[in-house]
Amino acid sequence: MKNTINTTNPFNNKSLNSYTLFTEQQVQNSLELADSCFSTWKKTSVSERTSLLSVLGDLLNKNKAEFSELMTLEMGKPISQSRAEIEKCITLCDFYETNAESFLADDIIETEAEESYISYDPLGTILAVMPWNYPFWQVLRFAIPTVTAGNTVLLKHASNVTGCALAIQELFEQAGYPKGCFQTLLVDHKTIASIISNDIVKAVSLTGSEKAGKSIAEIAGKNLKKCVLELGGNNACIILDDADLDTYMDTIVNARMQNTGQSCIAAKRFIVTEGIHDTFIKRFKAKIENLRYSNPLDENTTISTLAREDLAEDLQKQVDDAISKGAQVVVGNSRNKSYFEATLLTNATPEMDVFKEETFGPVAPVFKVKNLDEALKLAGNSKFGLGTMVFTKDIETVSKKVIEINDGAFFINELVKSDSRLPFGGTKASGYGRELSQEGIREFVNVKTVYIKH
């Protein structure tokens, strides 16, 4: 039986580190420590908790180079994008340091009582199951509001970013959070069910695949525990005839190619009206050809390897399926182990896997339509519901169409992205619940009614 986690650099396949999995007793010790910490942490004032966010942000800034390199080595993203991820985490600390106290303040409600209000009390220990594609951001956007609300956190991170997982725990401890407030569990997926079932764990948050989401929801449901699921996406990027390509072409390409296409909120289906279709293809092709593939530690690298070879193999199958059904390769479609060349496909149709499934890599299929109404209908034809983006000059007309898309986000002239100030999450097969903003910090609290008569 395998009892170690081994991490590997996906760019050169060199071994990075080896970690020993926790024993059952170590897992139990972590659970008990989290529970013990919660008994005192929940009683600290919100102002005390938010004061630690300033320290956390400073430590992220101080260790930016180290954390960025660790991310790049473990999952392969370009170093400049790793650095941007840490910087985004710093803004997250700043946001909740400024706003958490007001988000968690009692809401006074006028009733017949002398005093009645809603209090937002922490639930207890929350389990987080997190992915590898944004190793720091995905964890911290969950953990910072959750811990600041007074909960304690147990993290089961993706195994290929175990170094990042341990670095995040150390980060919290160095910032002055009490021991047990944030802990990383070195466990495999087989142990998740028993951890969720443990009475100490009060809820679970997962960012991952649709399959993983269904499994977690089933386990949580059996144990009557809340879960928040941020799952896959198949975001449509609609380009209308009047789109300003001079201004937004870089944004459109980045919407697909950032993080080498390994993002749930990436643009994955390009739905282009016929009047601008040929021009769009020409300009997208030129942008792809200017992407620079090299060692991800190189500052000039703009696109890199995928995080694992099996991910590249899955992407190849999806592209092959599209070609067999009539799609044409404009540029790309070359694979070498974990590397998959940035690829642009035309003549794509809804019968292809690149339309129906999530493509987790740098592949851009283009679907030609006649007008906005046809574009919106095609965009909505998906089991996923994370986000839609539209590029147009006619903002007034498109704004009236927001209700026609059932996704968790609708962006006009911008790529879909997460922002600390705005709620983030999906619908349908993209999951449920929200992270970030006021909605995010209130996901793992007891919304308690207090009614007082003298």
Side-chain angles (χ1 to χ4, degrees), residues 22 24-57 59 89 92-93 96-97 100-101 103-104 119-130 136 138-157 164-187 191-207 216 219-220 223-228 433 435-436 440-448:
F22 281 13
E24 287 186 23
Q25 187 59 56
Q26 284 177 299
V27 172
Q28 184 60 33
N29 291 345
S30 296
L31 284 159
E32 291 173 4
L33 179 59
D35 192 41
S36 174
C37 178
F38 174 68
S39 66
T40 54
W41 178 244
K42 68 180 180 180
K43 298 174 185 176
T44 62
S45 67
V46 179
S47 62
E48 287 180 76
R49 297 181 212 143
T50 56
S51 67
L52 293 174
L53 291 175
S54 177
V55 186
L56 199 69
L59 285 171
C89 292
L92 179 72
C93 294
Y96 280 110
E97 181 186 1
E101 199 156 4
F103 291 162
L104 296 169
S119 69
Y120 300 95
D121 299 348
L123 292 178
T125 297
I126 316 298
L127 174 66
V129 182
M130 291 290 145
F136 273 73
Q138 301 275 21
V139 173
L140 291 181
R141 80 178 187 191
F142 154 78
I144 285 175
T146 301
V147 168
T148 304
N151 300 291
T152 56
V153 164
L154 295 171
L155 169 66
K156 161 54 180 98
H157 214 334
C164 291
L166 292 169
I168 295 170
Q169 175 176 326
E170 186 177 355
L171 175 72
F172 273 88
E173 291 176 356
Q174 286 185 352
Y177 287 83
K179 198 166 183 62
C181 196
F182 182 104
Q183 296 177 84
T184 288
L185 301 178
L186 300 187
V187 296
T191 64
I192 292 175
S194 63
I195 294 170
I196 295 173
S197 301
N198 191 291
D199 288 342
I200 290 172
V201 172
K202 304 305 181 194
V204 58
S205 179
L206 165 81
T207 298
I216 292 293
I219 299 164
N223 290 277
L224 292 178
K225 294 180 182 180
K226 180 175 183 177
C227 60
V228 169
E435 294 182 308
L436 304 173
I441 202 170
R442 289 183 175 181
E443 279 286 6
F444 296 111
V445 297
N446 175 15
V447 182
K448 182 183 293 180

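Basis for what follows: all heavy atoms, side chains included, without hydrogens, waters or symmetry-related copies. When a residue number appears, it is its place in the shown sequence, counting from 1. All values reported here derive from a predicted model rather than from experimental measurement.
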Return yes if a side-chain donor-acceptor contact under 3.5 Å exists between Glu32 and Gln28, otherwise no. yes

Would a 4.5 Å heavy-atom cut-off, applied to side chains only, mark Phe142 and Val153 as touching? yes

Can any side-chain N or O of Arg442 pair as donor or acceptor with the backbone N or O of Tyr120 at less than 3.5 Å? no

Taking all non-hydrogen atoms of both residues, which atom of Phe444 and which atom of Thr146 are closest, and how far apart? CD1-OG1, 3.9 Å

Closer than 3.5 angstrom, by distance alone: can the side chain of Lys225 be matched with the main-chain N or O of Val201 as a donor-acceptor pair? yes

Sequence neighbours excluded, which residues qualify as side chain to side chain contact (heavy atoms under 4.5 Å, CB included) partners of Ser45? Ser47, Glu48

Which residue pairs pass the salt bridge (Lys or Arg N to Asp or Glu O under 4.0 Å) test with at least one member in residues 167-185, sequence neighbours excluded? Glu173-Lys179

Any non-hydrogen side-chain atom of Lys156 less than 4.5 Å from a side-chain atom of Ile192? yes

Is the backbone N or O of Glu443 less than 3.5 Å from a side-chain atom of Lys226, with the two atoms forming a donor-acceptor pair by type? yes

Distance, nearest 0.5 Å, that separates CD1 of Ile216 from SG of Cys227: 8.0 Å

Separation between CD1 (Ile441) and CG (Leu104), nearest 0.5 Å, reads 4.0 Å

Nearest atoms (heavy-atom pairs only) where Thr50 meets Ala100: CG2-CB, 3.7 Å

Answer yes or no: is there a donor N or O on one side and an acceptor on the other, between the side chain of Asn198 and the main chain of Ser194, under 3.5 Å? no

To the nearest 0.5 Å, what is the distance between OG on Ser54 and CG on Leu59? 9.5 Å

I need the minimum non-hydrogen distance between Pro145 and Leu140, along with the two atoms involved. CD-O, 3.8 Å

Heavy-atom count check: over 12 atoms from other residues, nucleotides or ligands less than 6.0 Å from Asp199 CG? no

If I compare all heavy atoms of Val204 with all of Ala220, which pair ends up nearest, and what's the gap? CG1-CB, 4.1 Å

Leu56 vs Phe172 side-chain heavy atoms within contact, under 4.5 Å: yes

I'd like to know if the side chain of Thr152 reaches the main chain of Ala34, judged simply by a donor and an acceptor atom lying under 3.5 Å from each other, with no hydrogens or angles considered. yes

Looking only at non-hydrogen atoms, find the nearest pair between Pro178 and Cys37 and report the distance. CG-SG, 3.8 Å

Look only at the side chain of Arg49 and the backbone of Val147, and say whether a donor-acceptor pair between them is shorter than 3.5 Å. no

From Ile144 atom CD1 to Glu435 atom CD, the distance as rounded to the nearest 0.5 Å: 12.0 Å

Ignoring hydrogens, what is the shortest heavy-atom contact between Leu33 and Gln183? Give both atom names and the distance. CD2-OE1, 3.6 Å

Under a 3.5 Å threshold, yes or no: a donor from one side chain and an acceptor from the other, between Asn223 and Ser197? yes

Any chance you could measure Ile168, atom CD1, to His157, atom NE2, to the nearest 0.5 Å? 5.0 Å

All side chain to side chain contact (heavy atoms under 4.5 Å, CB included) counterparts of Leu52, not counting sequence neighbours: Trp41, Tyr177

Determine whether a donor-acceptor pair (N or O, by modelled atom type, separation under 3.5 Å) exists between the side chain of Asn151 and the backbone of Leu123. yes

Does the side chain of Thr191 reach to within under 4.5 Å of the side chain of Val27, using non-hydrogen atoms? no

Point-to-point distance, once rounded to the nearest 0.5 Å, from CG of Asn29 to CZ of Phe22: 9.5 Å

